[in-house]
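Indexing begins at 1, ligand by ligand and atom by atom, following the structure's order. Quick caveat, the model's predicted, so the values are computed rather than measured.
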Amino acid sequence: MVNAEDITGLFGAQLSSIRDERIRAQVVATWVEAAREGGWQTVEELRAMPFTLLTKTHGISLVEHTIAVTAGARALARAQEESYAQMPYRVNHDRLIAGGLLHDVGKLVETEKDEKGGFKKSRKGMYARHPISGAIIAAKCGLPGDIVNTIACHAKEGEGAPKVLETVLIHQADFATFDPLVMLEKGQLIDQPC
Ligand SMILES: [Fe+2]
């Protein structure tokens with residue numbers, strides 16, 4: 001079984017930047033619960049998961065993607081905080097880091113192993129995409145509605161919906177990692193080897 005220590009081992013650096021102890025513990029609990037619901041037994045299995053089934057990932061794992069998106073969203077926040085004389089809105093950094101770490105946690109129930117050693121969409125994944133399943137698990141683990149918003153609305157489910165600022169930053173960081181891979185696949189990424 002994947003436990004809290006395993007999750008802290010994966011995301012220790014990011015988790016330690018969350019100031020609110022309770023939020024930090026709830027983020028870890030959400031990953032543990034999602035791993036349980038998805039039937040993942042070991043942290044090695046989690047490390048092996050690709051971050052998407054929608055395009056070739058070039059070996060980028062869900063764990064690496066989660067770290068990259070969290071870092072990207074934080075950098076987008078910092079860029080504004082350091083460049084504007086006056087911020088028109090306030091960044092909630094705990095919410096931003098928690099949301100970055102959790103935005104794709106639903107993929108643990110959306111994805112399962114296939115018969116050939118690869119991965120496929122699960123039955124649960126057909127019922128509800130990862131933004132929905134992730135939001136449900138996070139809410140079940142006690143996370144507040146604003147952090148649930150970062151999960152529920154980070155992808156197409158959030159189009160046109162009200163969002164906290166941090167959801168917008170996570171969405172942009174997420175698609176900055178996803179779109180180039182899709183373009184690479186389609187031969188639309190200029191000057192990159194295919
Ligand atoms: Fe993502």
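Distance alone, capped at 3.5 Å, is enough to place a donor-acceptor pair between the Asp114 side chain and the Gly117 backbone. Remark: side-chain polar atoms of Lys124 are paired, donor with acceptor, to backbone N or O of Glu37 under 3.5 angstrom.
The Fe ion (ligand 1) has an N, O or S atom of His103 under 2.8 Å away, backbone or side chain.
Per residue Asp104, closest N, O or S atom to the Fe ion (ligand 1): atom name OD2. Within Asp174, OD1 is the N, O or S atom that lies nearest to the Fe ion (ligand 1).
The existence of a salt bridge linking Lys120 and Glu115 is confirmed by a sub-4.0 Å separation between a basic side-chain nitrogen and an acidic carboxylate oxygen.
The neighbour count for Lys113 NZ, taken as heavy atoms of other residues, nucleotides or ligands under 6.0 Å away, does not exceed 12.
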